[in-house]
Amino acid sequence: MSLISKVFTADECRELDRLAIEEHDIPGFTLMQHAGAFVFTTIQDRWPDIRSLRVVAGSGNNAGDGYVVALLAHQAGIATEVYQIGATNRIRGDALLAWQQLNEHEVPVVGELNEADVVVDALLGTGARGSLSPEYESAIAHINNFKGPVVAIDLPSGIEASSGGLLTESPVTADLTCMFIGAKLGLFTGLGLRYRGDLVFTDLGVPPEIYQDSFGVPILETTINRPVLPPRDPNAHKYEFGHVLVVGGDHGMGGAVILAAEAALRTGAGLVTVLTRTENVPSVLARRPEVMAVGVDQATDISSHLARADVLAIGPGLGQGSWGQTLLKTALAHNPVRSILDADALRILKAQEWKVPEGCIFTPHPGEAAFLSGMTTANVQTNRPSFVQTISHQYGCTVVLKGPGTLIASHGQLCSVSQFVDGALATAGSGDVLTGITAATYARLGNPVEAAEVAVSLHGAAGARVVRENPGRSLIASDLIDALRI
């Protein structure tokens with residue numbers, strides 16, 4: 001079993017297959033046999049007492065992998081049936097060879113899904129796009145009504161491999177997905193996460209040379225057990241670690257800037273100043289006296305504060321009224337070299353169409369990404385990779401698209417995806433904490449993509465740490481700050 005360090009689009013997966021077959025002379029049928037053997041071995045390891053197995057097959061290479069699984073199970077003395085959905089006269093190439101072997105060994109092929117200990121989903125592979133036929137919709141419904149565990153080959157049928165979007169309202173809900181050669185991007189972000197179950201992966205022993213640097217999207221580690229920022233020089237002083245300026249906290253929203261400011265301090269910023277409504281200043285200082293808090297009620301000149309800051313983080317609790325608009329307009333006019341725009345700052349920016357400073361980092365959640373794109377949140381969640389790339393290209397910046405399988409893109413290129421997908425982070429203030437972490441990493445590292453990736457890793461690791469150490473307890477945003485380890 002191989003470790004997953006990168007994920008790939010459907011087109012990239014097909015190219016990986018082509019390179020293995022054409023450039024390295026590995027027969028496609030050999031890869032298919034190895035894939036089927038991997039699935040069958042995994043099933044035996046997970047459910048050693050299995051006595052019956054059903055394979056639900058389409059008519060493509062995914063079905064071919066399933067036929068290999070069925071033949072191996074049959075030869076092992078397990079009661080096996082293939083529930084054939086795809087037209088058999090459309091089976092071609094390597095899948096046809098597997099189909100012929102299946103028939104030579106008289107493995108039963110049936111027209112309905114009968115109960116068994118395990119069902120294998122071999123309906124649709126990476127090439128599936130668009131809406132599904134009623135026949136396939138019905139087969140998926142039968143699989144989802146099955147009482148036992150479901151194993152998907154390469155990806156659950158009904159999931160689009162590149163985006164994680166849904167090809168049907170109710171895709172196959174797998175307990176386990178077995179992936180080969182290239183792990184699918186669509187199972188690491190968006191809606192696809194909900195249906196994949198546990199993941200296992202093998203490269204099938206293909207040469208490592210096929211994994212060229214230009215292929216795939218790196219997976220960010222959660223870094224739960226190791227620091228990720230460079231160690232501090234014993235002779236350093238606070239100004240070497242950056243002065244972060246957090247701007248926000250309109251009436252009734254002061255908690256957002258408190259969370260962002262404290263997160264920046266805990267991530268190692270040398271100094272943190274908060275510009276906020278005067279009513280919030282006592283709360284900021286009571287919660288964290290290490291923060292410098294300045295009351296700004298009339299959105300007057302803040303140029304002196306901007307001039308002293310190394311990184312600007314604006315948006316948490318900013319609001320979209322005249323106060324927040326004036327502060328954002330003033331901040332952007334100052335053209336801060338390093339800035340993070342979050343929350344209401346993004347909504348104001350879209351409405352006013354102001355110029356974005358070079359080197360800016362956006363940290364939208366799906367709703368804010370939808371607003372920036374003029375689409376709906378559902379649209380964004382259907383194809384998160386496409387939207388994060390589009391926004392980063394449109395604004396010429398680095399974008400962190402928060403949510404399940406956080407994505408980072410810069411100037412139209414997808415850079416990385418986070419493997420931390422626990423829903424525990426879906427809590428009020430979690431994004432404000434990420435803004436503060438990002439501001440501090442940007443101050444330390446200077447490169448916006450690197451800063452965003454380290455921040456997302458620290459944020460995810462803090463979440464993982466809280467979940468691990470407090471089972472059964474709901475996570476709140478302040479827990480993340482306490483759990484930060486740099």
Distance-only, no hydrogens or angles: does the D121 side chain make a donor-acceptor pair with backbone N or O of V56 under 3.5 Å? no
To the nearest 0.5 Å, tell me how far R384 CZ sits from N379 CG. 13.5 Å
Using a strict 4.0 Å threshold on nitrogen-to-oxygen distance, state whether E115 and R54 make a salt bridge. no
Looking at S392 and G412, would you say the former's side chain and the latter's main chain have a donor-acceptor pair under 3.5 Å? yes
May I ask you to test the T427-L480 pair for a side-chain heavy-atom distance under 4.5 Å? no
Inspect the contact between R46 and D175 and indicate whether a charged nitrogen and a carboxylate oxygen are less than 4.0 angstrom apart. no
Side-chain donor or acceptor of D117 paired with backbone N/O of R51 under 3.5 Å: yes
Which ring-ring contact (aromatic ring centres under 6.0 Å, His included) pairs, counting each pair once, include a residue from residues 77-128, with sequence neighbours left out? Y67-W99
Pair T377, H365 - check side-chain hydrogen bond (donor to acceptor under 3.5 Å, both in side chains), show working. CA-CA 9 Å; T377 303; H365 59 51; over 6 Å; no
Out of curiosity, D479 CG to S430 OG, how far, rounded to the nearest 0.5 Å? 10.5 Å
Counterpart residues, side-chain contact (heavy atoms from CB on, under 4.5 Å), relative to C178 (two or more places apart): F38, V39, T42, V151, L176, F180, V200
Among all residues two or more places apart in sequence or in another chain, which pass the ring pair (Phe, Tyr, Trp, His ring centres under 6.0 Å) test with W47? none
Applying side chain to side chain contact (heavy atoms under 4.5 Å, CB included), run through Q75 and F40 and close with a yes or a no. CA-CA 11 Å; Q75 292 175 329; F40 181 60; over 6 Å; no
Take M179 and I4 through the side chain to side chain contact (heavy atoms under 4.5 Å, CB included) test and state the conclusion after the steps. CA-CA 10 Å; M179 299 179 296; I4 305 173; 3.6 Å; yes
Which value, rounded to the nearest 0.5 Å, describes the distance between I210 atom CD1 and I181 atom CD1? 5.5 Å
May I ask you to test the L220-I408 pair for a side-chain heavy-atom distance under 4.5 Å? yes
Indicate yes or no for a side-chain donor-acceptor contact from N470 to the backbone of R473 under 3.5 Å, with no hydrogens or angles considered. no
Could you give the distance from CD1 (I140) to OG (S157), rounded to the nearest 0.5 Å? 5.5 Å
Pairs flagged by ring-ring contact (aromatic ring centres under 6.0 Å, His included) wherever residues 116-154 is involved - sequence neighbours left out: none
So, using salt bridge (charged side-chain N to carboxylate O under 4.0 Å, His left out) as the criterion, who are the partners of R232 when residues are at least two apart? none
Determine, for D203 against K6, whether the closest basic-nitrogen to carboxylate-oxygen distance falls under 4.0 angstrom. no
Donor-acceptor pair, R485 side chain versus A461 backbone, under 3.5 Å? no
Could you give me the CA-CA distance, side-chain angles and deciding distance for L349 and F362, then say whether side chain to side chain contact (heavy atoms under 4.5 Å, CB included) is met? CA-CA 11 Å; L349 180 72; F362 287 8; 3.4 Å; yes
Which residue, S418, P385, S163, forms the side-chain contact (heavy atoms from CB on, under 4.5 Å) with T189? P385
Are the side chain of R129 and the backbone N or O of T126 linked by a donor-acceptor pair below 3.5 Å? no
Measure from NZ or CZ of R14 to the centre of the six-membered ring of F8 and say whether it is under 6.0 Å with the direction within 45° of the ring axis. no
Can you tell me if E81 uses its side chain to pair, donor with acceptor, with the backbone of L53 under 3.5 Å? no
Sequence-distant partners of T41, side-chain contact (heavy atoms from CB on, under 4.5 Å), two or more places apart: D45
Atom CD1 of I481 and atom CG of L259: how far apart are they, to the nearest 0.5 Å? 5.0 Å
D342 versus K402: any side-chain heavy-atom pair under 4.5 Å? yes
Measuring from atom NE2 of H459 to atom CG of L434, what distance do you get when rounded to the nearest 0.5 angstrom? 5.0 Å
Under 3.5 Å, side chain of R196 to main-chain N/O of L187, donor-acceptor pair present? yes
